[in-house]
Student: 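Below is one structure. I have some questions about it.
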Amino acid sequence: MVSTIFSHCSSSTTARLLPMSRQHGVVYLRRLAVGPLHVGPPSRCSPSTRTLTLHSSTSPSPVLAASMATEASAKVIDGKSVAKQIRDETTAEVCRMKDAIGVIPGLAVILVGDRKDSATYVRNKKKACDSVGINSFEVRLPEDSTEQEVLKFISDFNDDPSVHGILVQLPLPSHMNEQNILNAVSLEKDVDGFHPLNIGRLAMRGREPLFVPCTPKGCIELLHRYGIGIKGKRAVVIGRSNIVGMPAALLLQREDATVSIVHSRTKNPEELTRQADIIISAVGQPNMVRGSWIKPGAVIIDVGINPVEDTQSPRGYRLVGDVCYEEACKIASAITPVPGGVGPMTIAMLLSNTLISAKRIHNFQ
Ligand code: NAP
């Protein structure tokens, strides 16, 4: 019965989204939603060792797809362990560079204001840098700082040879012009990859961006490291934000996928998504992508990090993705869990981008 298969993920009725802020895969709850909510115990697909097969793009009916799907069979794409692998590789390369030329990569983070969530992100980035031997530099400015003061620090970091990557923690206070500030970061040190020139190069054939934004880069890295082919595949990216959806679609296209983008005005999201061999979802809606949206054998990269109330959890909430995991893992051939999928990859990619930058600046192979 379709209704029993779909019992875990009725997003509109059982999963209540809690507001949060996030950047680089860390979540911080601002406040809890009120009202009764029943959330069943989370179920997990067990990892399987079967070979990944991407099926042709014929679309089964939702009922057929659901009736075929009775057991968890998807391979779990373990972002946590891939991220650890990348951190270990970064640690080794940082050591090699230090031994060979005496240079240690450095990442500078500028934080303006007193937001607790932003302070948490900055602390996590510092910890991550420490763990791989990258130097971190931090500037904390009060909420009422002027744009000129922030620009002065950016300019100093642009000129500082011990700094190879610069991040301005967003959001900035409302009296500041975010675009002016981000544009001031040197293109060579734009490890977030958000500079318009880097994004522009990503979009153009035959051009190479100096940096690729961390979260979408992490999504593609997962596909690569799991040996999942992209060339010639039909891909659907759900979401078109500047930081995830749009660059993810550009990256897939650069790898010769045929890409469609689904957004909030798309008329037939389910039908379009069901044609995809590869789905990347970055929406921020808990369990929006149901089993009936998924072609059997599709590969799913779920970027969404959505806190939903869970009275059984000591924290009072748990994190779920955009994709209904319990349904998807019975239909897809591979899927990222939430948490433990794309999230850990984002900071790993930031460290990797900082290393790439230092190597490029010092011409170290
Ligand atoms: P965003 O800026 O809010 O963008 C959301 C996108 O989803 C928009 O393009 C929006 O369409 C689209 N959308 C919203 N509702 C939709 C619907 N019902 N149907 C189809 N499309 C819909 O969010 P974001 O910053 O890209 O983040 C998306 C999710 O990824 C969030 O859950 C966030 O927490 C997570 N995230 C995770 C990481 C990580 O490290 N794992 C990093 C960043 C973000 P329109 O453009 O039409 O408005």
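Values reported hereafter were calculated over all heavy atoms of this structure, with side chains retained and with hydrogens, waters and symmetry mates removed. Keep in mind that this is a model prediction, so the values were computed, not measured.
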Student: Which heavy atom of V323 sits nearest a heavy atom of S281, and at what distance?
Tutor: CG2-CB, 4.2 Å
Student: With rounding to the nearest 0.5 Å, note down the distance linking CD1 in I279 to OG1 in T273.
Tutor: 6.0 Å
Student: Checking the side chain of D256 only, and the main-chain atoms of G232 only, is there a donor and an acceptor separated by less than 3.5 Å?
Tutor: no
Student: I'd like to check P171 versus S118 (side-chain heavy atoms, cut-off strictly below 4.5 Å). Are they in contact?
Tutor: yes
Student: So which of L223, L251, V259, V299 actually passes side chain to side chain contact (heavy atoms under 4.5 Å, CB included) with I230?
Tutor: L223
Student: Could you state whether L350 and I361 fall into the same hydrophobic cluster, counting links through intermediate Ile, Leu, Val, Met, Phe, Trp or Tyr residues with side-chain heavy atoms under 4.5 angstrom apart?
Tutor: no
Student: With a 3.5 Å distance limit and no angle check, can you tell me whether K189 reaches the backbone of V163 through a side-chain donor-acceptor pair?
Tutor: yes
Student: Determine whether V289 and I238 make a side-chain contact, defined as any pair of heavy atoms from C-beta on separated by less than 4.5 Å.
Tutor: yes
Student: Looking only at atom types and distance, does a side-chain atom of D322 sit under 3.5 Å from a main-chain N or O of P286, one as donor and one as acceptor?
Tutor: no
Student: Charged N to carboxylate O under 4.0 angstrom, K217 versus E221?
Tutor: no
Student: Any chance NZ of K359 has more than 12 other-residue heavy atoms, nucleotides or ligands included, within less than 6.0 Å?
Tutor: yes
Student: Looking at every heavy atom in both L151 and A184, which two are closest together, and how far apart are they?
Tutor: CD2-CB, 3.6 Å
Student: Can you check whether G165's main-chain N or O pairs, donor with acceptor, with S357's side chain at less than 3.5 Å?
Tutor: no
Student: Using a strict threshold of under 4.0 Å (side-chain N to carboxylate O), is an ion pair present between K152 and E149?
Tutor: no
Student: Atom CZ of residue position F137 - does it have more than 12 heavy atoms of other residues, nucleotides or ligands inside 6.0 Å?
Tutor: yes
Student: State the CD1-OH distance between I300 and Y325, to the nearest 0.5 angstrom.
Tutor: 9.5 Å
Student: Taking D277 for its side chain and A298 for its backbone only, find out whether a donor-acceptor pair lies under 3.5 Å.
Tutor: no
Student: How close do P213 and I199 get, heavy atom to heavy atom, and via which atoms?
Tutor: CG-CD1, 3.9 Å
Student: Do T90 side-chain atoms and I86 backbone N/O form a donor-acceptor pair below 3.5 Å?
Tutor: yes
Student: Less than 6.0 angstrom from the centroid, inside 45 degrees of the normal: does R360 satisfy that with respect to the ring of F211?
Tutor: yes
Student: Check for me, please, whether F364 and L210 land in the same ILVMFWY cluster - side-chain distances under 4.5 Å, paths through other members count.
Tutor: yes
Student: Before you tell me yes or no, could you show the steps for S186 and E188 under side chain to side chain donor-acceptor pair (under 3.5 Å), namely the whole-Å CA-CA distance, both residues' side-chain angles and the distance that decides it to 0.1 Å?
Tutor: CA-CA 5 Å; S186 152; E188 284 71 31; 3.2 Å; yes
Student: Minimum heavy-atom separation for I305 and P307, please, with both atom names.
Tutor: O-CD, 3.9 Å
Student: Under 3.5 Å, is there a donor-acceptor pair between the T215 and T346 side chains?
Tutor: yes
Student: If two hydrophobic side chains count as joined below 4.5 Å and joins carry through other members, does I228 share a cluster with V342?
Tutor: yes
Student: Grouping I, L, V, M, F, W and Y whenever their side-chain heavy atoms are under 4.5 Å apart, do V132 and I104 come out in a common cluster?
Tutor: no
Student: Do the charged groups of E208 and R254 touch, with an N to O distance under 4.0 Å?
Tutor: yes
Student: Please evaluate residues I181 and E147 with respect to the criterion side chain to side chain contact (heavy atoms under 4.5 Å, CB included), reporting the C-alpha separation (whole Å), side-chain torsions for both, the decisive distance (0.1 Å), and the verdict.
Tutor: CA-CA 8 Å; I181 287 177; E147 205 173 299; 3.8 Å; yes
Student: For D310, is there an ion pair with R318 - N to carboxylate O distance below 4.0 angstrom?
Tutor: yes
Student: Do V185 and H195 have side chains that approach each other closer than 4.5 Å (heavy atoms only, starting at C-beta)?
Tutor: no
Student: Could you give the distance from NE2 (H175) to OG (S145), rounded to the nearest 0.5 Å?
Tutor: 6.5 Å
Student: If you look at every heavy atom in I243 and P216, which pair is closest and at what distance?
Tutor: O-CD, 3.4 Å
Student: Could you tell me whether a side-chain N or O of N268 sits under 3.5 Å from a main-chain N or O of E271, the two making a donor and an acceptor?
Tutor: no
Student: Check whether any side-chain N or O of Q169 sits under 3.5 Å from a backbone N or O of L111 as a donor-acceptor pair, and report yes or no.
Tutor: no
Student: Should S136 and V109 count as side-chain neighbours, where that means a heavy-atom distance under 4.5 Å?
Tutor: no
Student: Mind checking whether V191 and L197 sit in one hydrophobic cluster, side chains of I, L, V, M, F, W, Y counted as touching below 4.5 Å?
Tutor: yes
Student: Of all the heavy-atom pairs spanning A276 and A235, show the shortest one and how long it is.
Tutor: CB-C, 4.3 Å
Student: Is the closest side-chain heavy-atom distance between I110 and F157 below 4.5 Å?
Tutor: yes
